[in-house]
2 protein chains.
Amino acid sequence: MRSESDLTARARIRDAAIDLFGREGVNRVSVRAIAARAGVSPALVLHHFGSKDGLRKACDAYLLEILRGDGRPADLGDTARLGSMLEAAAPARRYLARAFLDDSPEAGTLFDEMVAASERWLGHGAEEGWIQPSEDPHARAAVYVTWLLAPVMLHAHLSRAFGVDDLAETGATLRFSRAAIEIFTRGVFADDRVLDAWNTVRKDLG
Amino acid sequence: MRSESDLTARARIRDAAIDLFGREGVNRVSVRAIAARAGVSPALVLHHFGSKDGLRKACDAYLLEILRGDGRPADLGDTARLGSMLEAAAPARRYLARAFLDDSPEAGTLFDEMVAASERWLGHGAEEGWIQPSEDPHARAAVYVTWLLAPVMLHAHLSRAFGVDDLAETGATLRFSRAAIEIFTRGVFADDRVLDAWNTVRKDLG
DNA sequence: TAGCATGCTAAACAAATGTTCAGCGCTTAG
DNA sequence: CTAAGCGCTGAACATTTGTTTAGCATGCTA
């Protein structure tokens, strides 16, 4: 996650901000707290980033560029992209979750890109027969991406459910991914009654 | 969502706080802003709730009690419970999402309760044959609940993906739920290759 | 009517916050 | 050697923040 120039004070400030913003939320963290963690003066933070909001934007851009541009082959599909996200450092994950909740423009772009990529990938798989066909491919892609991001958003609660400090611990990751793949492969419902019930509702509504 | 006594200033303050906290995040909202929206003086907010944090706790307790205690028959399953959540007013949804992200104790309790209820429900269905069996029922229940809550967390992005202002609009809700039920019924993967790949990884790791 | 609780407010306070500014020390080009 | 540029800081400023205090008005009770 670190490049060569990351020993500079500017980079230390950025990393400290990502960590603290992710931990506490942007507005619970003061410029002074960031400066203290980065080992610099509060004034230097503003010197480099103009304002606290400028720092926030710089964090958004930096982090999401990393997530977006990791250059994995598209063939691995979006499940692999989620993997690369979960592999990202914990502070980055927390920051990302807040960016999604706060509806930051960068996060929105990332989400939209993920939906588009998933729709392509799922459509490709459907043509080749290893993905189920869908009545509404765009909606399915949106649901799919939402579910991929769910563990990022609810990380703390999932960790508790698995009895670990961090979901990234090997055992918990294996259990979670196994359960998810199980659903993605076999579904949850054993028959069509819920689907039929939905169809009835749809008919009633129009 | 409102009971009879909800015309009191105290209730107006609480509702204003839930709305603003959900919209902006707790720390971006000042006591003065809440007071202004409720049409009272800032001092009254503290008079009733002791402190801003007291107000926040009161909001947590009030809202999550509503979500938890709605008295729906358990037979409808957790999909119905999600429905009742999505039917809740938009400010409550936003507030809930932040409560989950901030890992508030009340939200944690709610999450744990939902996992436990889902595990019972899914296990019951598996016995009766209308739910697929699972190799790890607890993990599946956790995944299931996470996926139920995901649209609450990513509401803004999903709305954009469906081209609507609010996902609660009838058309968008129908498309989303249809896609979700589709996956829950037929899965996404048409064959077992991903499941097999996971099994290989598991074997490699131990 | 007198006393008292209740719901509420205006005004002020101390602390914290984002931001600015003048200037320090160090490196480097002229 | 000098001067300029760069990274960086300490101290201060204006504003906003949560909170407190003293007190107003209203209505109930004795």
Side-chain angles (χ1 to χ4, degrees), chain A residues 2-63 91 94-95 98-99 102 104-106, chain B residues 2-63 95 98-99 102 104-106:
Chain A
R2 286 186 161 62
S3 66
E4 42 181 294
S5 66
D6 259 341
L7 298 173
T8 66
R10 185 187 162 94
R12 286 207 317 279
I13 292 170
R14 195 223 305 119
D15 288 352
I18 289 177
D19 184 25
L20 291 177
F21 284 168
R23 234 182 259 277
E24 309 279 343
V26 175
N27 288 268
R28 258 176 291 203
V29 176
S30 67
V31 172
R32 285 167 177 81
I34 296 167
R37 160 159 308 212
V40 300
S41 73
L44 188 62
V45 176
L46 286 310
H47 174 71
H48 276 305
F49 297 94
S51 67
K52 187 184 181 183
D53 196 57
L55 172 58
R56 191 232 155 94
K57 283 176 184 156
C59 290
D60 270 31
Y62 172 75
L63 215 168
R94 281 189 287 252
Y95 185 95
R98 284 194 194 276
D102 289 347
S104 87
E106 285 84 356
Chain B
R2 285 183 163 63
S3 65
E4 42 181 293
S5 66
D6 260 342
L7 297 171
T8 65
R10 185 187 161 94
R12 286 206 317 277
I13 293 169
R14 194 224 304 120
D15 288 351
I18 289 178
D19 185 25
L20 291 177
F21 283 168
R23 235 181 259 278
E24 309 279 342
V26 174
N27 288 270
R28 257 177 292 202
V29 176
S30 67
V31 172
R32 285 167 176 81
I34 297 167
R37 160 158 309 211
V40 300
S41 73
L44 189 62
V45 175
L46 286 310
H47 174 71
H48 276 305
F49 297 95
S51 69
K52 188 184 182 182
D53 196 58
L55 172 59
R56 191 231 155 92
K57 284 177 183 156
C59 290
D60 270 32
Y62 172 75
L63 216 169
Y95 185 95
R98 285 193 192 278
D102 289 347
S104 85
E106 284 84 357

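Predicted model, so just to flag it, every value in this text is computed and none were measured. Each chain gets a letter, A, B and so on, in the order the sequences are listed, and its residues count up from 1.
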Interface limits on DNA chain D, where chain A has a heavy atom under 4.0 Å of a nucleotide atom: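 Listing 5' to 3', DNA chain D meets chain A from D/dC8 to D/dA12.
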
Validation row: B/Glu24, B/Asp19 side chains within 4.5 angstrom (heavy atoms): no

Rounded distance in Å - [atom1] ([X]) to [atom2] ([N]):
X: B/Arg12; N: C/dT9; atom1: CZ; atom2: C1'; value: 14 Å
X: B/Phe49; N: C/dC8; atom1: CZ; atom2: P; value: 11 Å
X: A/Leu20; N: C/dT17; atom1: CG; atom2: C1'; value: 16 Å
X: A/Leu46; N: C/dT20; atom1: CG; atom2: C1'; value: 9 Å
X: B/His47; N: C/dA10; atom1: NE2; atom2: C1'; value: 15 Å
X: A/Leu44; N: C/dC21; atom1: CG; atom2: P; value: 17 Å

Where A/Arg14 and A/Cys59 come nearest, the two heavy atoms and their spacing: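 Smallest interatomic distance, heavy atoms only, reads O-SG, 4.0 Å.
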
For A/Arg37 against A/Ala16, the heavy-atom pair lying closest together: CG-CB, 3.5 Å

Cut-off 3.5 Å, no hydrogens considered: what does the side-chain donor-acceptor table look like for residues 43-55 of chain B, sequence neighbours left out?
residue : atom : partner : partner atom : Å
B/Ser51 : OG   : B/Asp53 : N            : 3.4
B/Ser51 : OG   : B/Gly54 : N            : 3.1
B/Lys52 : NZ   : B/Val26 : O            : 3.2
B/Lys52 : NZ   : B/Val29 : O            : 2.6
B/Asp53 : OD2  : B/Lys57 : NZ           : 3.3

Derivation of the side chain to side chain contact (heavy atoms under 4.5 Å, CB included) call for A/Asp60 and A/Tyr95: CA-CA 9 Å; A/Asp60 270 31; A/Tyr95 185 95; 2.3 Å; yes

Straight-line distance of A/Arg98 CZ to B/Arg98 CZ, nearest 0.5 Å: 8.5 Å

CG on A/Asp15 to CD1 on A/Ile34, rounded to 0.5 Å: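 Here the interatomic distance stands at 12.0 Å.
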
B/Arg32 (side chain) donor-acceptor with B/Pro42 (main chain) under 3.5 angstrom: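 Between the backbone of B/Pro42 and the side chain of B/Arg32 there is no qualifying donor-acceptor contact (under 3.5 Å).
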
OP1 or OP2 of C/dC8 under 4.0 Å from side-chain N/O of B/His48: yes

Contact list for DNA chain D against residues 28-41 of chain A - heavy-atom distance below 4.0 Å: A/Arg32, A/Val40, A/Ser41

